[in-house]
*Asks:* 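Pasting a structure here, questions to come.
Read the numbers this way: they start at 1 and go in the same order the structure lists the ligands and their atoms. Below, each value reflects all heavy atoms present in this structure, side chains not excepted, and no hydrogens, waters or symmetry copies.
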Amino acid sequence: MTQDELKKMVAEAALEYVIPGTIIGIGTGSTANHFIDCLAGIKGRIDGAVASSNASAERLAAHGIRVLDLNSAGELSVYVDGADESNHHLHLIKGGGGALTREKIVAACADKFVCIADSSKLVDVLGAFPLPVEVIPMARSMVARELVKRGGQPVWREGFVTDNGNDILDVHNLDIMEPARLEQDLNNIPGVVTNGLFALRPADVLLLGTEDGVKKIT
Ligand code: 5RP
């Protein structure tokens, strides 16, 4: 199976977590896109969706799925999203698509976070994928120096602007042995909006697409 077929398989499996009559949170990226496409088939069963990016909001709307603003939606029953990496504790690296801040906000409002990914995303130790950090543009160089002090090698994602109007630094070679501690530490650097570690609020369920079918990790 191709990587895309594995992503589609887990997206279909995630439909099981959709609770009828509720509002759900939707992630960003190619796996989340497959989930949106699957959701279109049962759109009459949900009250609507909150998107973690403009791109996902547009895709939902194109399918005729009601898109709500988070402020008017309140609590979400479930948040479904992909990841760039997951360890066995379901701590994640996210933000390859640059939507990490809104993803973290929407995930924080959900009763359950279901992560959907192909099997290449499961790792023993996070960090082979460079950690995305969203920064206020005027603080980019200052934050980059702070990241170097912590052993990372930040690379500015030049030409990319987040939905919030900010910059992204992709940080290579960080030592991520304690993801929750590092998540907190990096978020305390002035100018950092948030970083792509999802460890303080990890996923609750990981649906992993493998050659042998969907593997559920909790
Ligand atoms: C976007 C993300 C995505 O979930 C992550 O990049 C995985 O993407 P894909 O499903 O395309 O592999 O965090 O900001």
Side-chain angles (χ1 to χ4, degrees), residues 1-15 17 24-39 49-60 70 78-87 90-108 110 112-123 126-135 155 157 159-172 174 176 179 183 186-187 192-210 214 217:
M1 283 176 110
T2 65
Q3 191 181 26
D4 197 56
E5 284 166 342
L6 295 174
K7 289 180 179 189
K8 201 169 173 190
M9 185 168 78
V10 287
E12 277 165 9
L15 286 179
Y17 292 87
I24 69 174
I26 306 286
T28 298
S30 57
T31 320
N33 280 345
H34 281 307
F35 179 69
I36 293 171
D37 297 346
C38 292
L39 193 62
V50 171
S52 61
S53 64
N54 294 339
S56 291
E58 280 165 25
R59 197 175 186 98
L60 287 160
L70 183 61
V78 65
Y79 176 64
V80 180
D81 197 1
D84 298 301
E85 282 185 350
S86 173
N87 67 16
L90 310 194
H91 300 146
L92 313 174
I93 287 185
K94 291 186 46 54
L100 59 156
T101 299
R102 294 189 188 192
E103 290 171 342
K104 204 174 273 193
I105 293 168
V106 182
K112 184 171 267 190
F113 179 177
V114 177
C115 182
I116 49 177
D118 67 86
S119 52
S120 70
K121 307 289 183 72
L122 185 64
V123 298
L126 298 173
F129 190 92
L131 180 69
V133 178
E134 180 164 353
V135 297
V155 177
R157 204 182 290 182
F160 182 87
V161 179
T162 70
D163 284 352
N164 313 307
N166 297 316
D167 291 343
I168 296 278
L169 293 169
D170 292 305
V171 192
H172 298 250
L174 277 172
I176 314 185
E183 179 179 357
L186 298 184
N187 281 347
V192 168
V193 180
T194 199
N195 69 83
L197 280 169
F198 284 56
L200 295 166
R201 198 285 182 243
D204 299 303
V205 179
L206 171 63
L207 298 179
L208 204 63
T210 77
V214 176
I217 302 173

*Asks:* Which protein residues have a heavy atom under 4.0 Å from ligand 1?
*Replies:* Lys7, Thr28, Gly29, Ser30, Thr31, Asp81, Gly82, Ala83, Asp84, Lys94, Gly95, Gly96, Gly97, Gly98, Ala99, Glu103, Lys121
*Asks:* Taking the cut-offs as 6.0 angstrom to the six-membered ring centre and 45 degrees off its axis, would you call Lys104 and Phe198 a cation-pi pair?
*Replies:* yes
*Asks:* Would you say Ile26 and Val50 make side-chain contact, with heavy atoms under 4.5 Å?
*Replies:* no
*Asks:* Backbone N or O of Glu183 within a donor-acceptor pair of the Asn195 side chain at under 3.5 Å?
*Replies:* yes
*Asks:* Side chains of Phe35 and Asp37: closer than 4.5 Å at any heavy-atom pair?
*Replies:* no
*Asks:* Using only atom types and a distance under 3.5 Å, with no angle test, would you say the side chain of Asp163 pairs donor to acceptor with the backbone of Asn54?
*Replies:* yes
*Asks:* I'd like to know if Lys94 pairs up with Glu103 as an ion pair, taking the criterion as any Lys NZ or Arg NE/NH1/NH2 lying under 4.0 Å from an Asp or Glu carboxylate oxygen.
*Replies:* yes
